[in-house]
Student: 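What follows is a single structure, and I will ask about it in a moment.
Sequence lines set the chain letters: A, B, ... in the order given, protein chains first and strands last, and positions in each chain run from 1.
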Protein chains: 2
Amino acid sequence: MATSRKAALSERPAAPAGRRPPGRTAPKARLSPAERERQIIDGAIAYFSEVGFSGQTRELSKRLGITQPLLYRYFSSKQALIERVYQTVFEGRWNPAWVSLMRDRSIPLRERLVEFYRQYSAATYRPDWLRIYLYAGLSGPVLNQRYINHIQRELLPVYCREVRHYCGVESPDLPVAEEEIEFVWSLHGGMFYYAVRQHIYLLPMRVEFMRKVETAIDNFLAGARVTYPRLIASLHGAAAAPAARRRR
Amino acid sequence: MATSRKAALSERPAAPAGRRPPGRTAPKARLSPAERERQIIDGAIAYFSEVGFSGQTRELSKRLGITQPLLYRYFSSKQALIERVYQTVFEGRWNPAWVSLMRDRSIPLRERLVEFYRQYSAATYRPDWLRIYLYAGLSGPVLNQRYINHIQRELLPVYCREVRHYCGVESPDLPVAEEEIEFVWSLHGGMFYYAVRQHIYLLPMRVEFMRKVETAIDNFLAGARVTYPRLIASLHGAAAAPAARRRR
DNA sequence: AGTCTATATTATCGCTTGCTAAATAAACAA
DNA sequence: TTGTTTATTTAGCAAGCGATAATATAGACT
């Protein structure tokens, strides 16, 4: 990400590379393939997130300060570049430490959730990520399915077990049910839609994000104290009956 | 443009249905301008919601069973057609009765909310609406801003006052604050994201929508009983202090 | 029927777009 | 220096696209 900023700054050099002062980063001249590739990907993320994937390769190359055929030396087709953009954005911004954070019972659950959304929003609730995420979803569900499934398998079950613990209804033997996953999706969805309103619809947000996060988490947890035990009980009733039968 | 206006004006009793070759449904015959226009718009909604607004007019006309130049007899440009699609989708599916429903205290608030989401989801949480809504937001924020502002001004303040009533903290003099609006957005956002996962990402939803709605509303209201009075109190503290001074 | 008007089609223009081949020039090795 | 390599540019094709003018024809009216 720091690299993306750096690359963005080095756009639009004036002089057509004539000489190369030693020790100075030449703005436009020959770059090493790795460097150039990186620059193209970063530029493509910025460009496509702005105009969508129907944006033209000529305009992209113009913004990069290179000619359009050069793109095809590094990517065999526009589609190949697009898929590289997807991959970079989706796989590059997930932090596995978030799962550990969520599991860390030395911190009150409320604070864990607040801290998680602070970090998660800093990584993904940004215009480029959100726009590419939505463009991707509209052009084909596969990548978003993978992303959602990742969250649903890695993060949310932990989330659920911690909410169980918080509500005093720990059932280590009872696997996390779909109803529970869906239950915590509600909280997550509220945050996501805030980000969409802010960064995609560009609405003036009159309540700061972290303040909203705290309010939403407080309400979620206060409600969970009441409704989560009921939810677990209904699952026990439905799931434990056959299990009990098996036990006999 | 002139042609499309003119065509729209000559809105004859439509359905000329009398002149049909006996025993054979004429597939491609001349239609009245109103009929043809309607057909094009409906086809455009289906087509663009599927492939996005960069879809080609030739392919659209093919699906409609007409030739491509005919589109230009009814719409001066592709952009004009697109804007007509926006207008039809966004303005055509909002039901003002939802506001009255939300205000109807002869029904318990929980049931009002459930019923609202039953109706609202039937109208808007559908692939075509959601896709056009997202495509629109990505190509420019104006229309979505208008839609969100509509919800935010017409529906959510009512929503908030009913939640106040539910939580026993009615303050008719205290205008609905931004914090309260944002508070109820959380609930709404959770529903929206469910719809996106279902209809855009095409994920297998293992908890039925209305069941999720009930769980989410129950949790929202149970939490509100605890947190909403605190929220209102903090607003009173901030807003009523000057008012109290005035009272003296 | 025959006439006329507006609907619909055929043919095509001009521009854009993804992509490629050949030419150019910067870096490097001898 | 000279030669080799390869990053980069110049030039351009072929298909696709929005849009228009000219032409044909369905259907209403007398």
Student: Report yes if some heavy atom in the side chain of B:Glu208 is under 4.5 Å from a heavy atom in the side chain of B:Lys212; otherwise report no.
Tutor: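 With C-beta onward as the side chain, the pair stays apart.
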Student: Can you measure A:Gln39 atom CD to D:dT8 atom P for me and round it to whole angstrom units?
Tutor: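 My rounded result for the distance is 9 Å.
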Student: What is the distance, to the nearest angstrom, from the OH atom on B:Tyr72 to the P atom on C:dC13?
Tutor: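 Rounded to whole Å, this separation is 18 Å.
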Student: How long is the line joining CD of A:Glu35 and P of D:dA7, in whole Å?
Tutor: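 Spelled out: CD on A:Glu35 to P on D:dA7 is 12 Å.
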Student: State, without any angle test, whether A:Ser139 and A:Tyr86 hold a side-chain donor-acceptor pair at a distance under 3.5 Å.
Tutor: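 There is such a pair between these side chains.
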Student: Round to a whole Å and report the spacing from CG of B:Leu31 to P of D:dG27.
Tutor: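 Taking CG of B:Leu31 and P of D:dG27, I get 9 Å after rounding.
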Student: Picking from D:dT6, C:dC19, C:dA8, which would you name as closest to the side chain of B:Leu70?
Tutor: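 My answer, after comparing the listed nucleotides, is C:dA8.
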Student: In terms of side-chain heavy atoms, does B:Trp185 have a donor or acceptor partner in B:Gln152 at a distance below 3.5 Å?
Tutor: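 Looking only at side-chain atoms, B:Gln152 and B:Trp185 do form a donor-acceptor pair, the distance falling under 3.5 Å.
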Student: I need the CD-C1' distance between B:Gln56 and C:dG18, as an integer number of Å.
Tutor: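 Atom-to-atom, B:Gln56 to C:dG18, this comes out as 14 Å.
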Student: Taking only side-chain N and O atoms of A:Arg36, does any of them lie within less than 4.0 angstrom of OP1 or OP2 on D:dT8?
Tutor: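 For D:dT8, OP1 or OP2 has a side-chain N or O of A:Arg36 closer than 4.0 Å.
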Student: Any N or O donor-acceptor pair under 3.5 Å from the base of D:dG16 to the side chain of B:Arg58?
Tutor: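 Checked by distance alone, the answer is no.
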Student: If each of B:Thr57 and A:Pro69 is mapped to the nucleotide of DNA chain D with the nearest heavy atom, which maps nearer the 5' terminus, i.e. the 5' end?
Tutor: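 That would be A:Pro69.
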Student: When you get a sec, tell me which of C:dA8, D:dG18, C:dC19 is the closest nucleotide to the side chain of B:Tyr74?
Tutor: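 For B:Tyr74, the side-chain atoms sit closest to C:dA8.
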Student: Nearest whole Å is fine: how far is C:dT20 P from A:Leu71 CG?
Tutor: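 Those two atoms, CG and P, are 12 Å apart.
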Student: How many whole angstroms separate atom CD of A:Gln68 from atom P of D:dC13?
Tutor: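 Between P of D:dC13 and CD of A:Gln68: 15 Å.
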Student: Determine whether the side chains of B:Gln39 and B:Glu35 contain a donor N or O and an acceptor N or O closer than 3.5 Å.
Tutor: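 No - no donor-acceptor pair under 3.5 Å links their side chains.
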Student: The side chain of B:Thr67 lies closest to which of these nucleotides: C:dC19, C:dT7, C:dT10?
Tutor: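 Selected nucleotide (nearest to the side chain): C:dT10.
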Student: What do you reckon, is CZ of B:Arg161 surrounded by more than 12 foreign heavy atoms closer than 6.0 Å?
Tutor: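 Buried by this count: over 12 neighbours within 6.0 Å.
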Student: If you look at every strand shown and take non-hydrogen atoms under 4.0 Å, does A:Ser32 touch a base, only sugar-phosphate, or nothing?
Tutor: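 No contact at all - A:Ser32 keeps every heavy atom at 4.0 Å or more from the nucleic acid.
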Student: When you measure from the side chain of A:Arg30, which nucleotide among C:dA21, C:dT9, C:dA27 comes out closest?
Tutor: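 Closest nucleotide among those given: C:dA27.
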Student: Write down the distance between CD1 (A:Ile82) and C1' (C:dG18), rounded to a whole number of angstrom.
Tutor: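 The answer, rounded to whole Å, is 11 Å.
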